[in-house]
Amino acid sequence: MPIYEQSEERWPEEDDTSSAADDDKSATVKRPNVLIWLLDDCGYAQTAPYGSPIATPTISKLASSGLAYSNFHSTALCSPSRASLLSGRNHHSIGMGSHALTAMGFPGYSARVPRTAAGVAKLLQRNGYATFALGKWDHTPFEDISVAGPFEHWPSGAGFDHFYGFMAADAHNFKPVFFQDHSPVQPSLNRSDYHLSADIADKAIEYITATKSVKRDKPFFMYWATGAVHAPHHAPTEYLEKYKGQFDAGWDMERSAVHQKQLNLGVIPEGTVNTERPSSLPAWDSLSDEDKRLFSRQKEAFAAQLEHADVQFGRIVATLERIGELNNTLIVVTSDNGASGEGGLAGSFNEMRVVNGLQTSVKANMEHIDEWGTAATYNHYHAGWAWAGNTPFQLFKQTVFRGGQTGPLVLHWPDRITATATKGDRVSWRRQYAHITDITPTILEAASISPPEYVDGVRQMGMHGSSLLYSIDDAVAPSQHGLQYYEMYGNLGIYNDGWKAVALHADRMPWDINLRASFSNDTWQLYDTNADFSESNDLAAVHPTKLKELLETMFGELWRYNVFPLYDDLAERIRREYQRSMPSSAAPMVYWPPGAVRITEAISAAQLTKNQSHRIEAVVTMPTEGILVAVGGMTGGFSLFITSNQTLKYVYNYFGMEKTVIVSNATIPSSGEHVLEFVMALDASPQVAGSVDMSADGGLSAYAIMYIDGQPVGEQTIPAVVVGPYSMEETFDVGADFGTSVDNDEYAVPFYITQGTLDKVSIQKI
């Protein structure tokens, strides 16, 4: 019989070392930490090293002691770029041909990254890394975003140990709705000083110091994706005040000054032409004084948000230096696409109007100018500022001209990027063509990890990008990424060793989502980017044979990477993606508290309330006050609730422009079970005029009646109803309201139902 004294202890290997078999070097090579800051909608010319007048001290410091790339490209949109960055594959090949909001049932557009494309987080995790994702994560299918899962396409499924952030295209920076791992949280509650960028910096520092305090030799991979500088452009008051009056000269003067600064700094090659303002944008000097005042304020908010985010990232970098990890950390700073022109020709105090295909008038915006950039707005800027932010290139995000897909890239890694590779305080530039698919191969090579042939028994597709480490020591080494196709919402392009063919489909601007046209009518342009860095000189008529050759190459790439079919109707794609989740039967959708909260709008009964007649029914016992059901928030939505004096109340928010409030003329009995109903009947006539002129919006009006135990207790016309999404991030909630309030004058979130019992809420089309 064996006894302890005759036995030898043999402990199981830890999970993060048993994976060493993935790569024989894992046990002997000191692997770097990896920290990515992925900016959102930050144009080529919007950070200081690239010529911007906006202060970005952290990025500037990293660039001056690292490397900056002048010829870096993305996919021209957020979801696709993020999926490509994290996987090393082209976006259509992994089902992310467009935003998850506009997914389609085709291999290139399903919004589902396949198991054949295991990304950098999973590969690093299997090789002993701690992995963290913070901030924006917007490439998960809508129907998966709830506590019910499934979680395969969440950060955890992609290989992240921990996630702390929002799962939407954008977020209210002062009152975001977050997930921590798989659990919903709202960290801003009861915090008057809250800001999203500061919060995720705090959490990043917590994750890093927690890991290094316990396992000093364990490397980490952190993906830090700010809401900045996507709309809404929110910043603390002191940052908003700092930029007052800084942009009064307008976008034409700014673009000219930035172009000259880029030449002086060596950002762009000598002789690079500053491309002309598109005809769709007005000259600054043609604007009225009121227009200029409004548009200047819009840019001030953008600048304030960007500098604030930079300062928060600086706190993370300072922490790395404090704990002795900065030298062994590969820091990557880049953006998912060019600056966004989606704000259109007046900007908007409420970006959700843009998502619904609606523009906002200067008059409507001016009502919010004094609160622009604060928690009271969901603001976007005029497209003229995006054009200036993409200096010296043409156009904006969504297009595949360089203004849409050329952005900043800074690498900092003192243990590898030494003084011999840099120029002291002056930025050392790298000119090689680079693409967002190159980031994952760069990280894997830095960590001495070879991409495996199989992951979880699934054969992997190859990487489509190539590592950039070759460019660190040799500034003039030939680019290793010579061929790259582009497609975004029907905008097509192909790059091949300096030559580029590109088309702006139907001449559509990003603020117009309701346009369709034949692809055969598109005009193709041709550029030699080796000689014409800014794509200013169209050579299509001079070199027709070269254009034909490039297009033949492009069509081969489009077939190879699942780009077909092309479909250009953004509004219809959004509508269909939301409609997919609607029930096919007439049966009501039923929800039970307390778990029926933080349900994504697109998969909730909110869909039954969009531009159609419906009934809401709540069963309560001995209620006092609180939310029965709410969806959306300050950007649009509705809430049905019980007031403190036990009346039934309904608030409908039409994009923050028109709010309809209906109050019952009777109270809810304090004892026994009661059925509370709200019925909306859609009016077949056009929407009626409210306090704000909405005739151009083209929606319908409705008539609403409320009931307590079958007795009508209030009725009123609702002048205009929302057809599309109420919000990008806010959710459908029963028994509470998370995020922002549908109407701050009526209640403060979360306004839980108190005492009594809310048994269930059902919603049904009628």
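Quick note: numbers below take in every heavy atom, side chains included, and nothing from hydrogens, waters or symmetry partners. If you're wondering where the values come from, they're calculated on a predicted model, not measured in any experiment.
Taking the six-membered ring for Trp and the full ring otherwise, the centers of His233 and Tyr381 sit less than 6.0 Å from each other. If you look at Phe678 and Tyr707, their ring centroids are not closer than 6.0 Å.
Ring geometry, Tyr578 versus Phe142: the interplanar angle exceeds 60°, so the pair is classed perpendicular (tilted spans 30 to 60°). Ring geometry, Phe349 versus His368: the interplanar angle falls under 30°, so the pair is classed parallel (tilted spans 30 to 60°). Relative orientation of the Phe174 and His195 rings is perpendicular, given thresholds of 30° and 60° on the angle between their planes. Ring geometry, His172 versus His234: the interplanar angle falls from 30° to 60°, so the pair is classed tilted.
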*Could you walk me through whether Thr740 and Glu730 pass the side-chain hydrogen bond (donor to acceptor under 3.5 Å, both in side chains) test, one step at a time?*
CA-CA 8 Å; Thr740 62; Glu730 300 214 38; 2.3 Å; yes

*Stepwise, does the salt bridge (Lys or Arg N to Asp or Glu O under 4.0 Å) test hold for Asp569 with Arg575?*
CA-CA 10 Å; Asp569 192 334; Arg575 187 191 70 80; over 6 Å; no

*Would you check, one step at a time, whether the test side-chain hydrogen bond (donor to acceptor under 3.5 Å, both in side chains) holds for Asn173 with Tyr194?*
CA-CA 8 Å; Asn173 285 239; Tyr194 181 88; over 6 Å; no

*Between Arg615 and Lys765, is a side-chain contact (heavy atoms from CB on, under 4.5 Å) present by the stated rule, with each step listed?*
CA-CA 6 Å; Arg615 172 185 286 107; Lys765 292 186 292 186; over 6 Å; no

*Would you check, one step at a time, whether the test side-chain contact (heavy atoms from CB on, under 4.5 Å) holds for Glu677 with Met706?*
CA-CA 6 Å; Glu677 291 180 89; Met706 295 194 302; over 6 Å; no

*Show your reasoning for whether side-chain hydrogen bond (donor to acceptor under 3.5 Å, both in side chains) applies to His380 and Ser340.*
CA-CA 9 Å; His380 207 324; Ser340 169; 3.2 Å; yes

*Show your reasoning for whether ring pair (Phe, Tyr, Trp, His ring centres under 6.0 Å) applies to Tyr567 and Tyr109.*
CA-CA 11 Å; Tyr567 187 38; Tyr109 301 90; 9.6 Å; no

*For side-chain contact (heavy atoms from CB on, under 4.5 Å), just list the numbers for Asp170 and Tyr378, CA-CA rounded to whole Å, side-chain angles, deciding distance to a tenth of an Å, and then say yes or no.*
CA-CA 10 Å; Asp170 57 35; Tyr378 212 83; 2.8 Å; yes

*Would you check, one step at a time, whether the test side-chain contact (heavy atoms from CB on, under 4.5 Å) holds for Leu39 with Leu306?*
CA-CA 9 Å; Leu39 283 149; Leu306 177 55; 3.8 Å; yes

*Arg353/Thr635 under side-chain hydrogen bond (donor to acceptor under 3.5 Å, both in side chains): CA gap, chis, key distance, verdict*: CA-CA 8 Å; Arg353 289 184 58 80; Thr635 60; over 6 Å; no

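Here Lys760 does not pair with Glu617 in a salt bridge; the nearest charged N to carboxylate O distance is not below 4.0 Å. With salt bridges taken as basic N to acidic carboxylate O contacts below 4.0 Å, one links Lys397 and Asp41. A salt bridge is defined here as a Lys NZ or Arg NE, NH1 or NH2 lying under 4.0 Å from an Asp or Glu carboxylate O, and Glu300 with Lys244 fails to meet this definition. Salt bridge annotation for Glu601-Lys610: present, with a cationic side-chain nitrogen under 4.0 angstrom from a carboxylate oxygen. Between Lys242 and Glu238, no side-chain nitrogen of the basic residue sits less than 4.0 Å from a carboxylate oxygen of the acidic one, so the salt-bridge criterion is not met. Of the charged side-chain nitrogens involved, at least one lies within less than 4.0 Å of a carboxylate oxygen, so that Asp370 and Arg293 count as a salt-bridged pair.
With Asn653 contributing its side chain and Phe638 its backbone, the two residues share no donor-acceptor pair below 3.5 Å. A donor-acceptor pair is defined here as one N or O able to donate and one able to accept, closer than 3.5 Å; such a pair exists between the side chain of His382 and the backbone of Leu345. Under the 3.5 Å distance criterion, the side-chain polar atoms of Asn365 are matched with a main-chain donor or acceptor of Gly347. Under the 3.5 Å distance criterion, the side-chain polar atoms of Asp336 are left unmatched by any main-chain donor or acceptor of Ala76. Checked by atom type and distance alone, the side chain of Thr374 pairs as donor or acceptor with a backbone atom of Ala376 at under 3.5 Å. Side chain of Thr660 to backbone of Ile718: no donor-acceptor contact under 3.5 angstrom is found. Between the Ser79 side chain and the Asp138 main chain, a donor and an acceptor come within less than 3.5 Å of each other. The main-chain N or O of Ser664 is never found under 3.5 Å from a side-chain atom of Thr647 such that the two would form a donor-acceptor pair. Under a 3.5 Å cut-off, the side chain of Gln186 and the backbone N or O of Pro750 do not form any donor-acceptor pair. Using a distance-only test at 3.5 Å, with no hydrogens or angles considered, a donor-acceptor pair links the side chain of Asp733 to the main chain of Arg598.
Tested against Phe179 for a ring-ring contact (aromatic ring centres under 6.0 Å, His included), the candidates Trp137, Phe166, Tyr164, Trp154 yield a single pass: Trp154. When the options Thr609, Leu758, Val734 are evaluated for a side-chain contact (heavy atoms from CB on, under 4.5 Å) with Val629, the one that passes is Val734.
Summarising the geometry of Leu77 relative to Asn337, their closest heavy-atom pair is C-OD1, 3.2 Å, with the distance given to 0.1 Å. The two residues Ala630 and Ala736 make their nearest non-hydrogen contact at CB-O, 4.4 Å. Residues Lys136 and Ala169 come closest through the heavy atom pair NZ-O, 2.7 Å. Residues Tyr726 and Gly636 share a closest heavy-atom pair of CB-O, 3.4 Å. When every heavy atom of Ala339 is checked against every heavy atom of Gln46, the shortest pair comes out as CB-OE1, 3.6 Å. Between Asn390 and Gly43, the shortest heavy-atom contact is OD1-CA, 3.4 Å.
Residues Glu746 and Lys649 are in side-chain contact: their nearest non-hydrogen atoms beyond the backbone lie under 4.5 Å apart. No side-chain heavy atom of Trp284 sits less than 4.5 Å from a side-chain heavy atom of Asp248. By the 4.5 Å heavy-atom criterion applied to side chains, Ser701 and Val721 are not counted as neighbours. Under the 4.5 Å side-chain criterion, counting only non-hydrogen atoms from C-beta, Thr360 is not in contact with Phe655. Under the 4.5 Å side-chain criterion, counting only non-hydrogen atoms from C-beta, Ile574 is not in contact with Glu572. Using a 4.5 Å cut-off on side-chain heavy atoms (C-beta onward), Arg297 and Leu240 make contact.
A cation-pi arrangement is present between Lys299 and Phe247, with the terminal nitrogen or guanidinium carbon under 6.0 Å from the aromatic centre and inside a 45° cone about the axis.
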